[in-house]
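Values in this document were obtained by computation on a predicted structure and should not be read as measured data.
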2 protein chains.
Amino acid sequence: MSSTARIQGMSVQERKERERAHRHQLIVAAARELAEAHGWDAVTTRRLSERIEYSQPVLYSHFRGKREIVGAVALEGFTELTATMREAVANGPEGRAAVAALAGAYLDFAERNPALYDAMFLLDTGLPFADEATPAPLREGFETLLNTLGALAGSAEPALFVEVFWSALHGLVSLTRSGRLPRQEASRRLDVLVDRFAGRGCPDAHTRSC
Amino acid sequence: MSSTARIQGMSVQERKERERAHRHQLIVAAARELAEAHGWDAVTTRRLSERIEYSQPVLYSHFRGKREIVGAVALEGFTELTATMREAVANGPEGRAAVAALAGAYLDFAERNPALYDAMFLLDTGLPFADEATPAPLREGFETLLNTLGALAGSAEPALFVEVFWSALHGLVSLTRSGRLPRQEASRRLDVLVDRFAGRGCPDAHTRSC
DNA sequence: AGCACGTTTCTAGCATCGCTAGATTTCCAT
DNA sequence: ATGGAAATCTAGCGATGCTAGAAACGTGCT
């Protein structure tokens, strides 16, 4: 290793890494756009490579395979969903209002980013969830729910309470998106769900007489 | 058309139709078994045709394509799920017990028939759901839920109440099956869900003081 | 009985998929 | 300028769902 390698070589290496990172993001963005525009079935390695103007094998120098690309898009989704939910409870609503705000934000997010939502919750991404290796964005999303809803758990364990609430939201999204539930009365279903989870009864009796 | 055609011809035609129907069921059964044994990805037209000992184009004389085969399996699933749920409420439980019985039956069914459940609720089958063309097995499944749970809807419209309950169940199944929720505490999550939907509060106050 | 015709079934192949080995080019350090 | 490592591409493999056209079959008539 010469002095040039030590002085200039490093910056060349850094530039290459920068370019690599840029191309990495290019792939993720292309996958996301393609999925959002024409569905995940339209996201093929050939189309992706065409979009980024590189050949297909380049994709495999960034990701182990297609599922890892989907996983990268899903991670973006978790970050954005967490931000959306945090915003929804930024002004500190409590009781029923908090549940309604979170649930509304969640359903809105799913409605506005269908492909992104699929990457997060439907497709196989290989992302570890309830695991010591769970990526930060996932953890933060769950914690946002926990911070706001944990207090409404009543006699149930907060974490379980949140998981069940999340499941219900996901069920609504999932069944509606796949045509199993008519989209028409989605907002009324949301009301029913919020009523059930907003602790009508013991913990927060200020919402409705019991 | 001769007398033979009028007397014997019909029975020949009937025999052919019987054989066709038999082969039809053979395809559906093969698809289901293959899916339950090795997942839906392993259900390919080539493997199916090998199982039924006919060439691939024969499949397309019975079904428009693979999705219609999945749909046929899904239909079987709805019939069986409905039967399972009916059995669960056969001895007429009420209030919390009814909710727990139905939810337990549902989750058990999903756990015991993962591929079947996927065909019903995850995969694209082209089956019409909330539609005038909704097949009978689907309708009956929903009605079973409605008959038992409608009374617990409280101030909500029964149909919506049931849809939301169903969504929550599906959410639990879906997130658990895909590894998003740890399988470990599934039964405690079920308890939390039942608590929320068993009308703790106004309609059925005999379950828990309010 | 034998033949003609309609139906059923099969062979063969298309376009596309995810993915990869090996050739080829590019670029850096000398 | 040039050798060699790193980056990139060409070409192709084994699958997939699905289909057109050829071959085989069996029915019903003479």
Interatomic distance where [atom1] belongs to [X] and [atom2] belongs to [N] [whole Å]:
X	N	atom1	atom2	value
A:R18	D:dA7	CZ	C1'	18 Å
A:E68	C:dG18	CD	C1'	14 Å
B:K66	C:dT16	NZ	P	19 Å
B:W40	D:dT16	CH2	C1'	16 Å
A:L48	C:dT16	CG	C1'	15 Å
B:I52	C:dT9	CD1	P	10 Å
B:D41	C:dC17	CG	C1'	13 Å
A:Y60	C:dT20	OH	C1'	9 Å

Does the side chain of A:L122 come within less than 4.5 Å of B:L122's, by heavy atoms? yes
Both A:A42 and A:P57 contact DNA chain C. Which one's nearest nucleotide lies toward the 5' end? A:A42
When the nearest nucleotide of DNA chain C is assigned to A:T44 and to B:R20 on a heavy-atom basis, which residue is associated with the more 5' position? B:R20
To check you understand the geometry: which heavy-atom pair defines the closest contact between B:A103 and B:V194, and what is its length? CB-CG2, 4.3 Å
By the 4.0 Å heavy-atom rule, please label [X] as base, sugar-phosphate, or nothing.
X	value
B:R67	nothing
A:S55	base
B:R23	sugar-phosphate

Is there a donor and acceptor pair, one atom on the side chain of A:Q56 and one on the base of C:dC19, closer than 3.5 Å? yes
Ignoring the backbone of B:Y54, work out which of C:dT9, D:dG17, C:dC19 is nearest its side chain. C:dT9
Side-chain N or O of B:R47 versus OP1/OP2 of D:dT16: is the shortest distance under 4.0 Å? yes
Whether B:T45 contacts D:dC18 is assessed here as follows: a side-chain N or O lying under 4.0 Å from the phosphate OP1 or OP2. Is that the case? no
Considering only NZ, NE, NH1 and NH2 on the basic side and carboxylate oxygens on the acidic side, decide whether A:R183 and A:E111 come within less than 4.0 Å. yes
Let me know which of B:R112, B:R177, B:H170 forms a side-chain hydrogen bond (donor to acceptor under 3.5 Å, both in side chains) with B:Y117. B:H170
By nearest nucleotide on DNA chain D, pick out whichever of A:R46 and A:S61 is the more 5' one. A:S61
To the nearest 0.5 Å, how far apart are CG in A:L102 and CZ in A:F165? 6.5 Å
